[in-house]
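These notes are about the structure you will find just below.
All values reported here derive from a predicted model rather than from experimental measurement. Read the numbers this way: they start at 1 and go in the same order the structure lists the ligands and their atoms.
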Amino acid sequence: MIDCDLAVIGSGFAGSLRSLVTRRIGLTVTLVERGTHPRFAIGESSSPLANLLVESLADRYGLPRIRPLAKWGTWRRAYPEVACGLKRGFTFYSHEPGRRFAGRPERDNELLVAASPRDEIADTHWYRPDFDHFLVREAEAAGARYLDRTTIERLEGKGRAMSLSANRAGDALTISARLVVDASGPRGFLFRKLGLGEESFDALPATEALYSHFRGVARLGDRPDLAGAEQPPYPVDDAAVHHVFPEGWIWVLRFGNGITSAGVAATANFAGEIGFRDGAPAWDRLLRRLPTVADQFRGAAPILPFVHRPSLSFRVARASGPGWTMLPSAAAFVDPLLSTGFPLTLLGIERLARALEEDWGSRRLAPRLEADGRRTLFEADTAGLLVAALYSTFGDFPAFTALAKLYFAAASYSEAARRLGRPDLAGSFLCGDRPGFGEELERCCRQAVSASPAERRDPAWQKSLIRRAERAIRPIDVAGLSDPERRNWFPVDARDLTSGAAKLESTEAEVRRMLRRTRIEPPSRTRNAAVPPIPG
Ligand SMILES: Cc1cc2nc3c(=O)[nH]c(=O)nc-3n(C[C@H](O)[C@H](O)[C@H](O)COP(=O)(O)OP(=O)(O)OC[C@H]3O[C@@H](n4cnc5c(N)ncnc54)[C@H](O)[C@@H]3O)c2cc1C
C-alpha cells in the first residue's frame with residue numbers, strides 16, 4: 001500500500017520532469033512506468049520555446065542539474081554521457097517526386113530559419129534513451145518513488161483520493177493518490193481506463209508515420225549543388241531537416257553519437273499507396289521517389305526495426321476531471337511537424353506546477369485544473385489547425401513558407417516576450433489567443449484548408465494567402481521574417497529584436513539587456529571554446 005499526493009503515470013521525459021517539480025513543491029509522488037529504462041522513444045527535436053521552458057522550470061523550482069540541458073553547450077559540458085544533437089534551426093527542402101532537388105537563386109524551394117546564433121546556446125535533439133533515463137534517475141534522487149515494470153489494473157475514486165490497483169513483477173500493490181497525472185502519451189492510461197473518447201482535429205487529414213534510427217546518413221551540407229555558393233545562416237544539417245513532398249514530409253535529426261533519427265509523416269492515402277505497414281520496404285519505395293533524399297541515405301542502415309504509426313494524430317474530448325488530469329502529451333498529439341510536442345507538454349507541466357504550488361489542498365484546485373485542461377486542448381487545436389494548413393500546402397511551397405512563418409513569428413515573439421518578463425504579451429501557444437494575431441492565424445489557416453483544387457492552382461488565390469499571412473505576422477515579427485531580401489534564409493540577428501522593441505512593448509535598452517543576459521549577443525571571448533567536439 002502506497003499513499004502519496006500525486007501518482008504520475010508514465011516515465012517519459014514529461015512524467016519524470018513533472019515528478020521532479022512535484023518534489024520541489026514539497027509533495028510526495030509515485031512515478032509508475034509499465035516498461036523499463038533505457039528504452040527507445042520517439043519525439044526528439046526541441047525548440048527555443050521548449051528550452052526556455054526547461055530553463056524557467058529549472059530556475060523556479062531549484063533544479064540546477066536540469067538547467068544545463070536547456071542549451072547544447074552546457075549540456076555537452078555537464079553531461080557528455082547523455083547523447084544529444086545540435087539543432088541550430090529548421091531546414092526545409094521542397095521536393096518534386098522523381099526529381100533531384102536543385103537550389104535556385106531565389107531560394108523559393110527551401111526555407112532555413114535559424115533558432116540560435118551560435119552552437120553554444122543552440123537547441124538540441126534529445127536522444128531519448130539517454131535523456132529519459134537521466135531524468136527518471138533525477139526524479140528518484142529527488143525522492144520520487146519510481147515503480148517500473150508496473151501494470152495498473154484498476155482505477156477508482158475513493159473519497160478524496162484515487163485508488164490504483166497495480167501489479168509489479170507479480171506483486172499486487174495499491175497506490176492511493178490525491179491526484180493522478182497522466183503522462184503516458186497518446187491513447188494512454190486514462191484515455192483507456194476512463195473511456196474518454198477520441199476526437200479529431202478540425203481539417204487535419206488522417207496521417208500515418210514510419211520511422212527508425214539509422215547510422216551512416218550523409219550530410220547535405222557537404223553537397224555544393226544543394227548549398228550553392230553562399231554561406232547559409234547555419235550548417236544546414238545541424239538542424240531539424242525537413243524534406244517536404246506533396247503528400248507529406250521526412251525528418252532527419254542527427255545526434256552526436258553517430259545515430260540519426262529519420263522518418264516520414266504523410267497522409268493516410270499516401271501511406272496506403274506506399275504501404276507504410278510493410279516497414280523497411282516502404283521506406284525504400286519512398287526514397288525511390290525522392291532522389292536527393294535517397295542519396296542522403298545511400299550509405300545508411302537502420303539500427304532498429306521500423307515503427308509504423310497508423311492514426312498519428314489524437315485528441316481527447318476532455319483533459320481533466322475529478323482527481324485526475326492529463327499532461328498535454330497524453331491529451332493530444334498533432335504531428336511532429338514544427339516540433340510542437342515538447343513546448344506544448346512543457347507549458348502543461350508549467351501550468352500544473354503553478355496550480356499545485358498555489359492551490360494544493362484548496363477548493364480552487366479542481367476548477368483550476370479543469371480550466372487548464374481546456375487550455376491544453378485549445379493550444380493543441382491551434383497547433384492542429386496550423387499543421388492542417390501546412391499539410392494542405394505541401395505541394396505549393398511559397399504558400400507553405402508563408403504559413404510556416406506564422407509559426408516562426410509566433411514562436412520567436414513568445415520567446416522574446418517571455419525573456420523580457422512579459423509572457424502576457426504572447427498569451428497561449430502560437431500566440432493563439434493574442435488579440436489580432438490569433439484571429440488572423442485562424443483566418444489564414446482556414447483559407448488554406450478550405451480551398452478547392454482549382455483555387456489552389458490559381459496564382460491570385462496563392463498570392464492572397466501569402467499576403468494575408470505576411471500581414472498577420474508583421475505586428476509580431478521580431479525575427480526579420482517579413483524581409484523579402486533574405487530570400488528564405490533567416491539568421492538570428494540581434495538587430496531584428498532591437499528594432500522590434502516597440503512590438504514587445506519594451507525599449508531598445510531593455511531588449512539589449514535581455515540579449516546580453518541570454519547571450520544572444522555574445523559577450524567577449526565566447527565561441528564554443530570549451531565544448532567538446534561531436535564524435536562521428
Ligand atoms: C513520430 C513522432 C515524432 C515526434 N517528434 C517530435 C519532435 O521532434 N519534437 C517534439 O517536440 N515532439 C515530437 N513528438 C511528440 C513527442 O513524442 C511527445 O511530445 C513526447 O514524447 C511526450 O513525452 P512523454 O514523456 O509525455 O511521453 P512518452 O515519451 O510517450 O512516454 C510515455 C511513457 O509512459 C509509459 N506508459 C504508457 N502507458 C502506460 C501505462 N498504462 N502505465 C504505465 N506507464 C505507461 C510508456 O512506457 C512511456 O515510457 C513526436 C511524436 C511522434 C509520434
For this session: List every atom of ligand 1 that sits less than 4.0 Å from any heavy atom of Y211, numbering the atoms from 1 in the order shown and giving each element.
Result: 1 (C)

Exercise. Tell me, which protein residue and heavy-atom name are nearest atom 23 (O) of ligand 1, and how many Å apart are they?
Worked result: F13 CE2, 3.3 Å

Exercise. Going by distance only, is there an N or O of D132 that falls short of 3.5 Å from an N or O of ligand 1?
Worked result: no

Exercise. Does at least one non-hydrogen atom of V32 fall below 4.0 angstrom from an atom of ligand 1?
Worked result: yes

Exercise. What residue and atom, counting heavy atoms only, is the protein's closest point to atom 13 (C) of ligand 1, and at what distance?
Worked result: G43 CA, 3.5 Å

Problem set entry | Nearest neighbour in protein (non-hydrogen) for atom 9 (N) of ligand 1 | S45 O, 2.9 Å

Exercise. Heavy-atom distance to atom 27 (O) of ligand 1: which of G10, P186, A183 wins?
Worked result: A183

For this session: Give a yes/no on ligand 1: does R192 have at least one heavy atom closer than 4.0 angstrom to it?
Result: no

Problem set entry | Protein contact to atom 21 (O) of ligand 1 [nearest heavy atom, distance to 0.1 Å] | R128 NH1, 3.0 Å

Exercise. Can a salt bridge be assigned to the pair E370 and R368 using a cut-off of 4.0 Å between side-chain N and carboxylate O?
Worked result: no

Exercise. Is any NZ, NE, NH1 or NH2 atom of the basic residue among R285 and D278 found under 4.0 Å from an Asp or Glu carboxylate oxygen of the other?
Worked result: yes

Exercise. What about E33: any of its N or O atoms under 3.5 Å from an N or O on ligand 1?
Worked result: yes

For this session: Look at E55 together with K71 and state whether they make a salt bridge at an N to O cut-off of under 4.0 Å.
Result: yes

Problem set entry | Contact atoms of ligand 1, heavy-atom distance to A14 under 4.0 Å | 24 (P), 25 (O), 26 (O)

For this session: Ignoring hydrogens and angles, state whether a donor on the side chain of Y413 or R434 is under 3.5 Å from an acceptor on the partner side chain.
Result: yes

Exercise. Any N or O of I152 that comes nearer than 3.5 Å to an N or O of ligand 1?
Worked result: no

For this session: Enumerate the atoms of ligand 1 whose separation from the nearest heavy atom of W251 is less than 4.0 angstrom.
Result: 1 (C)

Problem set entry | Side-chain donor-acceptor pair present, K158, S176, cut-off under 3.5 Å | no

Problem set entry | Residue pair N269 / T267, side-chain donor-acceptor N/O under 3.5 Å | no

Problem set entry | Any N or O of R39 closer than 3.5 Å to N or O of ligand 1 | yes

For this session: Provide the number and element of each atom of ligand 1 under 4.0 Å from a heavy atom of R309.
Result: 53 (C)

Exercise. Charged N to carboxylate O under 4.0 angstrom, K87 versus D237?
Worked result: no

Problem set entry | Lys/Arg N to Asp/Glu carboxylate O, R351 vs E379, below 4.0 Å | yes

Problem set entry | Distance from atom 15 (C) of ligand 1 to nearest protein heavy atom, with residue and atom | F333 CE1, 3.4 Å

For this session: Provide, to 0.1 Å, the distance between atom 26 (O) of ligand 1 and the closest protein heavy atom, together with that atom's residue and name.
Result: S329 OG, 2.6 Å

For this session: Identify, by atom number and element, the atoms of ligand 1 in contact range of P336, meaning under 4.0 Å from any of its heavy atoms.
Result: 1 (C), 2 (C), 3 (C), 4 (C), 5 (N)

For this session: Determine, for D123 against R88, whether the closest basic-nitrogen to carboxylate-oxygen distance falls under 4.0 angstrom.
Result: no

Problem set entry | Closest protein heavy atom (residue, atom, distance) for atom 11 (O) of ligand 1 | F342 N, 2.7 Å

Exercise. Is a side-chain donor-acceptor pair under 3.5 Å present for Y61 with E357?
Worked result: yes

Exercise. Can H133 and E138 be counted as having a side-chain donor-acceptor contact under 3.5 angstrom?
Worked result: no

Exercise. Tell me, which protein residue and heavy-atom name are nearest atom 42 (N) of ligand 1, and how many Å apart are they?
Worked result: I9 CG2, 3.6 Å

Problem set entry | salt bridge (Lys or Arg N to Asp or Glu O under 4.0 Å) partners for R374, two or more places apart | none

Problem set entry | Residue-ligand contact I42/ligand 1, heavy atom below 4.0 Å | yes

Problem set entry | Pair R60 + E350, salt bridge at N-O below 4.0 Å | no

For this session: May I ask which of K193, R34, E44, K87 has a heavy atom nearer to atom 45 (C) of ligand 1 than the others do?
Result: R34

